[in-house]
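FYI, side chains are in, hydrogens and waters are out, and symmetry mates aren't considered; it's all heavy atoms of this structure. What you see is a predicted model; the values in this text were computed from it and never measured.
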Amino acid sequence: MNDSIVLDADTPFDLDATLGCGQAFRWEKDADGTWSGTARGRAVRIRQDEETLSFSGADKAFVTDYFALDLDLNEILASIDTDPAIHRAVTSCTGLRLLRQEPFETLISYICATNTNIPTVKKRVRLLSERYGTPLPGGAHAFPDAVTLAPCSEDALRACVLGYRAPYICTTARMCADDPDWAAQVADLPYPEAKTELLRFPGVGPKAADCILLFAFQQYEAFPVDVWIRRIMRRAYLPHLNESGGMSPREYEEIASFARRHFGRYAGWAQEYLYCVREDDR
DNA sequence: GTCCAGGACGTGG
DNA sequence: CCACGTCATGGA
C-alpha cells in the first residue's frame, strides 16, 4: 500500500458492503481483509481500517471517483429512508456506495449475469479477462475492450462458460467496436432514452439495462428488478403481486415505477441497499 | 437427482 | 399485447 485517504466524519463508507454486494464481479477479499481487483484497466489493492483507506495501484483521484466518495451519501440516504423496510437496509449497510464502473465491462458483465448466480458470473468475467484482457502487474488481467473481443469466435467465447449468451456477447462486442462512441452517446441521454439505446444490444433486457445504467452511467433512477428485488418489493410494498411465474414487462415496470415514486430520484440506491440485505428464506 | 439463479428471446395465440 | 418454452452452467 503506497497511498491512503482518511475519510472525514460526514463521509460514510463501507468498503466490504460496496465491493461485496454484487454490483462488481472482479474483486476478491483476502483473509486479512484486503480487497484485490481490477477496475478501468488497473490492478488495485485496497483495505479499510476504520476511517482510513489504504490502497495501491491507483491514486487518490481514482479511488475517490471509482468509489463515488465525492457524493454526499448522508443526503442520498436521508432522501430514500422513507419507511421501516428501507430503514432497516440503510441502517445495516450504511456506507455502501454505488461504484462508477467502466461501461463496456459493465455491459458485457450484465449480459453474463442473466438467469444465473453471482459466483458463475464472476467466473465468466474472470475467464474473459484472463484469455483476452491485457496482462497487468501482479498477474491480473484487465477486462478486454470491445475491439479485442469483437473478432473472437462464438465458440471461443462459449468456452468461457457463457453458454447461450456467447452469440449475444459476440454481437454486442462487434456493435461496440463498430461504434466506439456508444458510451459517450448513452451518457448524454436522459434515463428513458438511454435505456432504449441499451436495449438494442442482444442479451440486454430491461433488468440488465437498468444495472448498466445504474453502475456505469450513474442513472440513479434506474431500479433493476431481479427475482430477489421482486420478492422483497412484493413483501414490503406490493403484496397484491403474485409470487410465482416469470415476471412480465408490465410487472417489471409496475415495480420500478412504484420505486421511483416511493424512493425518489435515488431509487437505484434504495435498490442496492435492499439487495444488499436480501435473505434467502423465501 | 432436482431446483434455482442480478433474464432474455422467439414463437404462437 | 400476453403466455409459455427454451436457452448453458454451476452451486445448494
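- Heavy-atom distances to DNA chain B give each of A:Phe25 and A:Phe201 a nearest nucleotide, and the one nearer the 5′ end belongs to A:Phe25.
- Relative ring orientation between A:Trp27 and A:Tyr66 is described as tilted, the plane-to-plane angle lying within the 30° to 60° band.
- Side-chain atoms of A:Phe67 and A:Leu15, non-hydrogen and from C-beta on, do get closer than 4.5 Å to each other.
- Here the C1' atom of nucleotide B:dA8 and the CD1 atom of A:Ile169 are 13 Å apart, to the nearest Å.
- For the pair A:Ala113 and A:Tyr168, both in contact range of DNA chain B, the more 5′-proximal nearest nucleotide belongs to A:Ala113.
- Per the geometry, CE belonging to A:Met247 stands 14 Å off P belonging to B:dC9, to the nearest Å.
- Separating the CD atom of A:Glu253 from the P atom of C:dC1 is a distance of 13 Å, rounded to the nearest angstrom.
- For the residue pair A:Thr120/A:Asn117, the side-chain donor-acceptor check at 3.5 Å is satisfied.
- With a 6.0 Å cutoff to the six-membered ring centre and a 45° limit on the axis angle, A:Arg278 counts as a cation-pi contact of A:Tyr275.
- For DNA chain B, if you chain together Watson-Crick or G-U pairs that step i with j, i+1 with j-1 and so on, the runs of at least three with distances under 3.5 Å are B:2-5 with C:9-12, B:7-13 with C:1-7.
- For the pair A:Gln23 (side chain) and A:Leu99 (backbone), a donor-acceptor distance under 3.5 Å is present.
- The nucleotide whose nearest atom lies closest to any side-chain atom of A:Pro202 is, among C:dC2, B:dA8, B:dC9, B:dC9.
- With a 4.5 Å cut-off on side-chain heavy atoms, A:Phe143 and A:Ile108 count as touching.
- Atom OH in A:Tyr252 sits roughly 19 Å away from atom C1' in C:dC2 (whole-Å rounding).
- Residue A:Glu251 contributes atom CD, which lies 12 Å from atom P of C:dC2 at whole-angstrom precision.
- Counting any heavy atom pair closer than 4.0 Å across all strands shown, A:Gly22 reaches a base atom.
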All N/O pairs under 3.5 Å across the protein-nucleotides 10-13 of chain B interface:
none

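- One C1' atom belongs to C:dG11, the other to B:dA8, and the distance between them is 22 Å to the nearest Å.
- Taking atom CH2 of residue A:Trp228 and atom P of nucleotide B:dG7, one finds them 10 Å apart after rounding to whole Å.
- Residues A:Tyr110 and A:Phe215 place their aromatic rings such that the two centres sit under 6.0 Å apart.
- Note on A:Ala208: only backbone sugar-phosphate atoms sit closer than 4.0 angstrom, heavy atoms only; bases stay farther off.
- The hydrophobic clustering, which links ILVMFWY residues whose side-chain heavy atoms are closer than 4.5 Å, places A:Met247 and A:Ile232 together.
- At the phosphate of B:dA5, neither OP1 nor OP2 sits under 4.0 Å from any side-chain N or O atom of A:Arg230.
- Checking A:Arg26, A:His141, A:Arg126, A:Glu102 one by one against A:Thr38, the side chain to side chain contact (heavy atoms under 4.5 Å, CB included) holds for a single residue, A:Arg26.
- The distance from atom CD1 of A:Ile232 to atom P of B:dA5 is 12 Å, rounded to the nearest whole Å.
- Checked against a 6.0 Å centroid threshold, the rings of A:Tyr273 and A:Phe263 do not count as neighbours.
- Within 4.0 Å of A:Pro249, counting heavy atoms only, lies no atom of the nucleic acid at all.
- Ionic pairing of A:Arg260 and A:Glu253 is present here: one or more N-O contacts between side-chain nitrogen and carboxylate oxygen are shorter than 4.0 angstrom.
- Among the protein residues, A:Val225 comes within range of no part of the nucleic acid, since none of its heavy atoms lies under 4.0 Å from any strand.
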Protein within reach of the bases, or only the backbone? For nucleotides 5-12 of chain C, mark each nucleotide 5' to 3' as B, S or -, using heavy atoms under 4.0 Å.
--BBSB--
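- Inspection of the A:Asp32 and A:Thr34 side chains reveals an N or O donor paired with an N or O acceptor under 3.5 Å.
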